[in-house]
Amino acid sequence: MSLFSQWKTMTEAQMSPQEHQSFWNEYFDIETQAYKKILERKDNFYEDKLTAIADEFGMSPVVFSGFMDGINTSLVSEVDLDALTEDSDVSLKVDFEKLYYNMLEAKAKWLSSLSGWDDIFPEEKRREIHAKWQTDRQAVSTKIGRNDPCPCGSGKKYKKCCGKNAEE
């Protein structure tokens, strides 16, 4: 069974609500410390065997594969999570703009508000990324309103043209 499969099995295991909460609280603490280290190193990316990086972050290889699931789409080169082994060469070369955006998308305020971001992006850049994230989340309706011009090009209102039979 792959490391990532073991991680998924671990997260889906039957637990009491208290055990479940405790599991995730412990993971989020470890995750937060890992992101602090990544932000501190900036351009000096982690590149080594999976076990070496996992040890540096204080994680087991299985937990580190779960961490990789969270950061994978923010990496310059995504990793095949199912192919990860303890001897896999791993590169945590991070696209910080994607990482910040993805933290907003995951609603991980405890990560997007880390003080380490101050050394990565100025406040203005973070606001710009935040604005893009908000714009991307807005729903766009393609529904034609009754009083909109008819899309057939007749110049009539939709309700008096093609929409006339649709309302019956």
Side-chain angles (χ1 to χ4, degrees), residues 1-140:
M1 182 183 286
S2 74
L3 293 173
F4 188 59
S5 295
Q6 291 176 52
W7 167 253
K8 288 193 289 189
T9 300
M10 185 185 304
T11 62
E12 295 166 357
Q14 290 287 76
M15 295 182 241
S16 71
Q18 294 82 8
E19 291 171 326
H20 186 263
Q21 188 65 45
S22 177
F23 172 84
W24 285 110
N25 286 343
E26 184 179 329
Y27 173 76
F28 291 144
D29 288 343
I30 294 168
E31 177 190 49
T32 301
Q33 295 309 312
Y35 279 115
K36 283 181 180 178
K37 288 181 179 185
I38 288 169
L39 294 175
E40 285 172 10
R41 285 182 68 156
K42 292 182 218 162
D43 296 326
N44 186 12
F45 301 108
Y46 290 90
E47 294 183 306
D48 207 337
K49 297 286 183 199
L50 183 138
T51 52
I53 299 174
D55 284 344
E56 197 162 341
F57 286 143
M59 299 180 198
S60 71
V62 172
V63 172
F64 184 75
S65 72
F67 175 77
M68 288 293 297
D69 182 34
I71 198 171
N72 203 21
T73 58
S74 301
L75 299 176
V76 172
S77 298
E78 287 190 36
V79 174
D80 178 3
L81 297 172
D82 289 317
L84 287 176
T85 67
E86 292 184 8
D87 292 328
S88 295
D89 289 319
V90 174
S91 172
L92 292 184
K93 190 169 188 178
V94 177
D95 178 331
F96 287 106
E97 198 165 320
K98 276 189 198 174
L99 180 61
Y100 189 74
Y101 183 96
N102 289 340
M103 286 177 174
L104 294 171
E105 185 68 21
K107 296 178 179 68
K109 181 102 172 125
W110 67 95
L111 299 175
S112 63
S113 64
L114 290 172
S115 62
W117 284 110
D118 296 339
D119 295 330
I120 304 293
F121 296 127
E123 182 66 30
E124 183 179 314
K125 179 67 174 174
R126 288 188 303 237
R127 273 193 238 114
E128 179 185 309
I129 297 168
H130 191 272
K132 180 183 179 345
W133 170 71
Q134 285 183 314
T135 301
D136 290 349
R137 292 179 52 226
Q138 290 177 347
V140 178

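The analysis underlying the following values was restricted to heavy atoms, covering all of them including side chains, and did not include hydrogens, waters or symmetry mates. These numbers were taken from a predicted model, which means no experiment stands behind them.
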[atom2] on [Y] to [atom1] on [X], rounded to 0.5 Å:
X: L111; Y: K36; atom1: CG; atom2: NZ; answer: 10.0 Å
X: T73; Y: N102; atom1: OG1; atom2: CG; answer: 4.0 Å
X: L114; Y: K109; atom1: CG; atom2: NZ; answer: 11.0 Å
X: H130; Y: E123; atom1: NE2; atom2: CD; answer: 10.5 Å
X: N25; Y: Q18; atom1: CG; atom2: CD; answer: 12.0 Å
X: H20; Y: Q14; atom1: NE2; atom2: CD; answer: 10.5 Å

Looking at every non-hydrogen atom in both residues, tell me the closest pair between [X] and [Y] and how far apart they are.
X: L39; Y: I120; value: O-CD1, 3.7 Å
X: F64; Y: A54; value: CB-CB, 3.6 Å
X: F121; Y: E97; value: CZ-N, 3.5 Å
X: E19; Y: S16; value: OE1-N, 2.8 Å
X: F23; Y: M15; value: CB-SD, 4.1 Å

Point to revise | Short N-O contact, R126 and D118, less than 4.0 angstrom | key: yes
**Study point:** Residues K37 and E40 bridged, charged N to O under 4.0 Å
**Key:** no
If you define the side chain from C-beta out and look only at heavy atoms, does anything of [X] sit under 4.5 Å from [Y]?
X: W133; Y: E128; answer: no
X: F45; Y: D43; answer: yes
X: M68; Y: L92; answer: yes
X: F67; Y: I30; answer: no
X: E105; Y: R137; answer: yes
X: L104; Y: Y100; answer: yes
X: L84; Y: L50; answer: yes

Practice item. Name all residues meeting the side chain to side chain donor-acceptor pair (under 3.5 Å) criterion together with E86; count only those two or more places apart in sequence or in a different chain, and write none if there are none. Key: none
**Study point:** Counterpart residues, ring pair (Phe, Tyr, Trp, His ring centres under 6.0 Å), relative to F28 (two or more places apart)
**Key:**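 F28 satisfies ring pair (Phe, Tyr, Trp, His ring centres under 6.0 Å) with W24, W110 only.
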Review point. What residues form a ring pair (Phe, Tyr, Trp, His ring centres under 6.0 Å) with Y46, not counting sequence neighbours?
Key: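 So Y46 forms a ring pair (Phe, Tyr, Trp, His ring centres under 6.0 Å) with F57.
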Review point. For Q33 and D29, does a side-chain donor sit closer than 3.5 Å to a side-chain acceptor?
Key: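 Judged by distance alone, the side chains do not pair up.
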Check your understanding: Using a distance-only test with no angle check, is there a side-chain donor-acceptor pair under 3.5 angstrom linking D95 and S74?
Key ->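 Their side chains do not contain a donor-acceptor pair, so the 3.5 Å distance test is not met.
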Check your understanding: Considering residues, nucleotides and ligands other than E12, do more than 12 of their heavy atoms fall under 6.0 Å from its CD?
Key -> yes
Check your understanding: Which is it for W117 and L99 under the side chain to side chain contact (heavy atoms under 4.5 Å, CB included) test, yes or no, and what are the steps along the way?
Key -> CA-CA 11 Å; W117 284 110; L99 180 61; 3.9 Å; yes
**Study point:** Contacts of type side chain to side chain contact (heavy atoms under 4.5 Å, CB included), residue N72, not counting sequence neighbours
**Key:**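 So N72 forms a side chain to side chain contact (heavy atoms under 4.5 Å, CB included) with L75, E78, V79, L81.
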Review point. Residues two or more places apart in sequence or in another chain: which of them pass side chain to side chain contact (heavy atoms under 4.5 Å, CB included) with D136?
Key: Y101, K132
Practice item. Decide side chain to side chain contact (heavy atoms under 4.5 Å, CB included) for E47 and V90; before the verdict, give the C-alpha distance in whole Å, the side-chain angles of both, and the deciding distance to 0.1 Å. Key: CA-CA 6 Å; E47 294 183 306; V90 174; over 6 Å; no
Enumerate donor-acceptor pairs with a distance under 3.5 Å from any side-chain N or O in residues 1-8 to protein atoms, sequence neighbours excluded.
from, atom 1, to, atom 2, distance (Å)
S2, OG, S5, N, 3.0
S2, OG, S5, OG, 3.0
Q6, NE2, M1, O, 3.1

